[in-house]
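Just so you know, these numbers come straight off a predicted model, no measurement behind them. All heavy atoms count here, side chains included; hydrogens, waters and symmetry mates do not. Residue numbers begin at 1 in each chain, while the letters A, B, ... track the order of the sequences.
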Amino acid sequence: MSRFLDGRMPYVVCALGFLLAAWLYYWGTGYNEDKFVEIAEQREETQRQLDQRDIKIRDLNLQIREALNAPVPVKLGDPLPETRDYALGRAALQVEVAAWDIDVRPDGKGLPKGRGDVFTGEEVFSENCATCHGDFGEAVDRWPVLAGGHDTLAEEDPVKTIGSYWPYLSTVYDYVYRAMPFGNAQSLSHDDVYAITAYLLYVNDLVEDDFELSHENFGSISLPNEKNFYPDDRATTEYAAFTGEPCMSDCKQSVEITARARVIDVTPEEEGAEKQEVAALDTDQAVSSLVASGERVFRKCRSCHEIGASARNKSGPQLTGILGRKFGSLDNFNYSSAFKQAASEERIWDEASMAAFLAKPKGYLPGTKMGFAGLKKQEDLDAIIAYLKSAGE
Amino acid sequence: MAENNTTRRSFLKAGLTGAAATIATGAYAEGDPAITEIQPWMQELGEGVDARPYGTPSPFEKHVKRRNVEWLTADPVSSVNFTPLHELDGIITPNGLCFERHHAGIAEVDPAVHRLMINGLVEKELVFTMQDLMRFPRENRVYFLECAANTGMEWRGAQLNGCQFTHGMIHNVMYTGVPLRYILEAAGVKPNGKWILPEGADASGMTRSIPIEKALDDCMVAFKMNGEALRPEQGYPVRLVVPGWEGNMWVKWLRRIEVGDQPWHHREETSKYTDLFKDGRARRFTWEMDAKSVITNPSPQAPITHGKGHTVITGVAWSGRGTIPRVDVTIDGGKNWQKARISGPSFDKSMHRFYFEFDWDGRELLLQSRAHDSTGYVQPTKNELRKVRGENSIYHNNSIQTWYVNEKGVAENVEIS
């Protein structure tokens with residue numbers, strides 16, 4: 001074999017070289033479509049990945065902005081411990097529960113024994129309630145109206161009273177006993193509260209004038225508006241309508257102002273508020289400790305009486321300069337006949353008469369409309385007279 | 001507020017406008033005297049650490065206070081005053097500025113003789129002293145308290161000029177207290193105990209019926225607000241916290257909780273706090289406060305005083321049913337809306353603070369904000385709400401508020417089409 005190739009070797013090498021060159025020319029420098037397509041596809045794929053990354057980055061940037069705008073998630077702390085017997089507090093005594101548990105329910109639970117009729121109720125009401133609520137529950141100033149208002153609830157200006165609006169009579173009993181008279185809560189006897197409640201039924205045309213209310217017949221009385229209350233139904237009547245993505249752009253063609261607060265002009269001015277404060281400060285600086293405690297005692301009076309430079313009549317007359325003033329002498333106040341009589345006698349308020357009156361108003365001046373039982377402690381009397389003097393100067 | 005009134009605001013406004021004009025005309029060639037002159041506080045010594053043992057705000061802030069509306073009630077003893085929302089920022093209301101609503105004045109209760117009694121349908125009727133209460137496990141939570149009558153004066157039209165008066169029956173406070181659940185479980189609620197009746201120690205003896213589910217869920221018996229003891233006007237020494245529900249239920253000066261098998265239908269859940277509809281019927285037990293928001297600046301008490309240019313709108317939003325993930329703001333009366341930026345922690349049933357910054361071109365603005373809560377509820381317009389409820393329900397007006405701002409930056413409470 002080697003001998004056979006020996007002489008021809010150069011030719012063989014040349015031929016092989018030629019073939020190699022041809023192969024190299026064809027494969028190395030020539031146009032191969034498959035290869036081109038393959039690489040181009042790889043390039044396109046890479047570009048697509050880059051584009052997707054750009055989109056992703058843009059999206060993440062948006063998410064970052066959203067996150068910055070969104071409320072921060074809050075960690076509220078570790079969970080609370082499970083309940084166990086902490087052995088805190090002590091057993092309530094029966095006498096303690098009885099002292100505080102005064103609440104009354106529509107089914108009569110909590111209603112104490114007692115009775116009172118319309119006639120007695122009128123008297124008790126006139127003594128304790130009429131200064132604010134009026135003789136027939138028609139109300140003085142802006143105090144609550146207790147009677148009337150029937151068939152007004154669907155009108156433009158509804159009058160919500162016990163007769164027109166309240167669903168249960170037990171609420172009247174509970175509230176009057178618990179919180180009335182204003183400033184002297186829990187001072188009425190149960191019989192008095194039955195009587196007042198009977199009177200309130202009467203002025204609302206729900207009973208006759210010979211009616212007596214008691215724990216025995218209480219359950220037989222129902223108020224006319226009871227059926228017109230229904231439980232909160234917002235979940236079914238409102239929430240669906242008030243949920244969903246609202247319009248964000250080009251939501252309406254034009255906008256007009258339809259109402260303005262300035263036209264009504266009921267906003268308090270800042271100036272007035274500041275003046276009042278300065279006056280209060282001046283008083284504070286001047287007061288002695290007796291006057292200061294008198295001012296505290298006066299809290300019992302101020303639901304009906306004002307005192308000071310800008311005092312006005314409320315359900316009781318204003319008391320600025322009361323000591324030295326004639327009884328019943330304000331032109332613009334509607335006094336009881338007892339006070340009118342005292343005025344005709346030219347009686348003058350001095351420390352002695354004021355102390356006697358405030359100790360027992362209805363004892364000192366029978367027929368006064370002032371629904372206040374009186375100050376029992378001498379120190380309170382001394383203090384309030386010192387206050388009335390100082391605040392009247 | 002009439003424009004020609006010489007109120008503190010208009011003085012302030014005139015002063016600022018004057019200063020701006022001076023700067024613009026270059027009268028400060030010699031330099032701003034606030035910088036070039038030595039002010040007294042740069043030279044003289046101030047008061048020592050013994051002068052103000054309980055700190056109070058700067059005298060320059062003395063206009064920042066609660067205010068009442070005299071004609072609203074018969075007497076200030078049973079009345080309400082309003083939080084100055086337009087002077088506040090962030091989400092926490094300072095204790096001295098939290099609006100007050102009481103029904104027989106501020107009870108000044110001595111904590112040494114204050115007791116909390118649990119009675120009714122329980123295994124053991126109990127009495128706790130303040131010290132007993134503070135030995136239960138405590139928690140800290142931030143909640144808004146909104147009076148159900150907040151914005152109640154605005155049902156029939158734009159009435160009061162200022163967000164303090166239209167929206168100021170709200171505050172947002174961090175409470176420290178005991179979950180009510182611990183106290184009820186100590187007494188052992190009987191299976192038929194379905195309602196509680198919390199009662200206050202003041203002269204109104206405030207009571208409300210609350211279903212036992214809420215009582216055992218997130219109610220608290222709280223004795224601290226923003227870290228310090230409750231203020232007397234907020235129920236010192238202890239009050240009930242009823243998160244997300246109307247403020248009247250958060251009984252102050254809490255002295256007793258009775259457990260019963262049915263509601264009591266007391267005065268504040270029959271005669272009051274029931275929502276009268278146009279047909280003469282009334283909704284009751286409307287406890288939850290729906291999502292609501294208001295722009296606090298600018299607003300009638302806080303006009304824009306800097307003229308056109310970069311302007312910051314801010315306000316607050318809240319919901320009794322969760323958090324506020326989004327607030328939208330419009331400056332053109334609702335033609336176009338944009339999302340506002342919420343800043344600060346987003347607590348459940350707490351106030352949220354939002355901002356919207358824009359370049360004011362000096363033209364008239366009609367500003368509104370619209371809250372979205374975490375249930376998907378969107379704050380309705382005034383007309384949408386009136387369409388359902390009529391105008392006599394007094395309570396639960398959570399509709400969108402509009403402020404009109406004129407070219408001078410003066411703002412007014414208005415209604416729009």
Side-chain angles (χ1 to χ4, degrees), chain A residues 69-72 74 80-81 83 86 88-92 96-97 100-101 103 105-106 141-143 153-154 158 165-168 171 174-175 178-179 185 228-232 238-239 242-243 246 248-252 255-262 264 266-271 273 299 303, chain B residues 7-8 67 69 74-75 77 117 119 124-128 132 135 137 139 157-162 182 185 203-205 256 264-267 270-271 276 279-286 323 333-337 341-342 345-347 366 376-378 380 388 392 404 412-417:
Chain A
N69 278 330
V72 182
V74 179
L80 281 157
T83 301
Y86 295 102
L88 293 170
R90 62 163 176 85
E96 294 171 333
V97 174
W100 276 5
D101 185 357
D103 45 81
R105 262 182 1 192
D141 299 337
R142 295 183 60 85
W143 295 103
L153 295 182
Y165 192 64
W166 292 36
Y168 304 108
T171 313
D174 177 273
Y175 185 69
R178 155 186 313 281
N228 290 323
F229 286 85
Y230 59 98
D232 186 2
E238 293 182 12
Y239 289 164
F242 300 156
T243 301
M248 291 297 282
S249 53
D250 301 322
C251 302
K252 43 187 166 184
V255 180
E256 302 297 329
I257 293 177
T258 54
R260 315 181 66 135
R262 185 182 299 177
I264 301 174
V266 289
T267 310
E269 286 295 333
E270 294 208 3
E271 271 186 319
R299 287 181 190 168
S303 61
Chain B
T7 61
R8 186 199 61 80
R67 299 183 56 202
V69 177
D75 191 280
V77 170
M117 178 188 290
N119 75 309
K124 293 174 286 185
E125 294 186 321
L126 294 174
V127 171
F128 299 97
D132 294 333
R135 291 169 65 196
E139 64 178 345
Q159 184 161 249
L160 287 161
N161 241 341
Y182 285 124
E185 282 168 358
S204 80
R256 189 172 70 96
W264 281 259
H265 295 286
H266 276 183
R267 193 232 191 194
T270 54
S271 165
L276 180 61
D279 64 358
R281 299 168 72 228
R283 258 186 201 158
R284 68 170 153 226
F285 298 154
T286 46
T323 59
K335 289 181 188 165
N336 298 288
W337 295 82
R341 177 172 59 87
I342 291 173
S346 172
F347 296 117
L366 284 167
Y377 179 94
V378 183
V388 182
N392 281 330
Y404 162 69
E412 188 188 356
N413 178 8
V414 299
E415 286 189 5
I416 55 172
S417 57

Q | Residue pair A:Val97 / B:Met117, side-chain heavy-atom distance below 4.5 Å | A | yes
Q | Non-neighbouring partners of B:Asn119 that pass side-chain hydrogen bond (donor to acceptor under 3.5 Å, both in side chains), sequence neighbours left out | A | A:Asp101, B:Arg256
Q: Output the option from B:Ala158, B:Gly334, B:Gly157 having the highest count of non-hydrogen pairs under 4.5 Å with chain A.
A: B:Ala158
Q: Find out whether A:Arg178 and B:Arg267 are in side-chain contact, i.e. whether some heavy atom of one side chain is under 4.5 Å from a heavy atom of the other.
A: no
Q. In terms of heavy-atom pairs under 4.5 Å with chain B, which of A:Tyr239, A:Tyr168, A:Trp143 leads?
A. A:Tyr239
Q: Decide yes or no for B:Lys335 and A:Cys251: does some side-chain heavy atom of the first lie under 4.5 Å from some side-chain heavy atom of the second?
A: no
Q.
Any heavy-atom pair between the side chains of A:Asp232 and B:Arg284 that's under 4.5 Å?
A. no
Q) Non-hydrogen atoms of chain B under 4.5 Å away: do they reach the side chain of A:Glu96, the backbone, both or neither? A) both
Q. Is the backbone N or O of B:Asn336 less than 3.5 Å from a side-chain atom of A:Lys252, with the two atoms forming a donor-acceptor pair by type?
A. no
**Q.** Largest heavy-atom contact set with chain A, pairs under 4.5 Å, which of B:Trp264, B:Phe285, B:Tyr404
**A.** B:Trp264
Q: Answer yes or no: is there a donor N or O on one side and an acceptor on the other, between the side chain of B:Ser204 and the main chain of A:Ala179, under 3.5 Å?
A: no
Q: Under 4.5 Å heavy-atom distance to chain A, tell me which part of B:Leu126 shows up: side chain, backbone, both or neither.
A: both
Q) Are the side chains of B:Leu366 and A:Val255 in touch, meaning some heavy atoms are under 4.5 Å apart? A) yes
Q: Taking the side chain as every heavy atom from C-beta outward, state whether B:Gln159 and A:Val266 have any atom pair closer than 4.5 Å.
A: yes
**Q.** Per-residue contact mode, B:Val69 against chain A (heavy atom under 4.5 angstrom)
**A.** both
Q | Minimum heavy-atom distance between A:Gly89 and B:Asp132, given as atom pair plus value | A | CA-OD2, 3.7 Å
Q: Indicate the atoms forming the closest heavy-atom contact of B:Gly280 with A:Asn228, along with that distance.
A: O-CB, 4.4 Å
**Q.** Side-chain donor/acceptor of A:Thr258 to backbone N/O of B:Glu415, under 3.5 Å
**A.** yes
(Q) Over 60° means perpendicular and under 30° means parallel, so tell me whether B:Tyr377 and A:Phe242 are parallel, tilted or perpendicular. (A) perpendicular
(Q) Quick check: do B:Tyr182 and A:Leu88 have side-chain heavy atoms less than 4.5 Å from each other? (A) no
Q. How close do B:Asn161 and A:Thr267 get, heavy atom to heavy atom, and via which atoms?
A. N-OG1, 2.7 Å
(Q) If I measure from the heavy atoms of chain A, does B:Glu185 come under 4.5 Å with its side chain, its backbone, both, or neither? (A) side chain
Q. Taking the side chain from B:Lys124 and the backbone from A:Arg90, do they hold a donor-acceptor pair closer than 3.5 Å?
A. no
**Q.** For B:Glu125, all residues meeting side-chain hydrogen bond (donor to acceptor under 3.5 Å, both in side chains), sequence neighbours excluded
**A.** none
**Q.** Residue, of B:Pro137, B:Ala282, B:Ala74, that accumulates the most heavy atom pairs under 4.5 Å with chain A
**A.** B:Ala282
Q: Carefully, step by step, assess A:Trp166 and B:Ser271 under the rule side-chain hydrogen bond (donor to acceptor under 3.5 Å, both in side chains).
A: CA-CA 5 Å; A:Trp166 292 36; B:Ser271 165; 3.1 Å; yes
Q: Pick one of side chain, backbone, both or neither for A:Tyr86, based on which atoms fall under 4.5 Å of a heavy atom in chain B.
A: side chain
Q.
Between A:Pro231, A:Ala185, A:Ser249, who has the most heavy-atom pairs with chain B when the cutoff is under 4.5 Å?
A. A:Ser249
Q: Answer with side chain, backbone, both or neither: which region of A:Asp141 has an atom nearer than 4.5 Å to a non-hydrogen atom of chain B?
A: neither
Q: Go through the atoms of A:Phe229 and report whether side chain, backbone, both or neither lie under 4.5 Å from a heavy atom of chain B.
A: both
**Q.** Note, B:Val388 side chain near A:Glu238 side chain (heavy atom, < 4.5 Å)
**A.** yes
Q. What is the minimum heavy-atom distance between B:His265 and A:Pro106, and which atoms define it?
A. CD2-CG, 3.7 Å
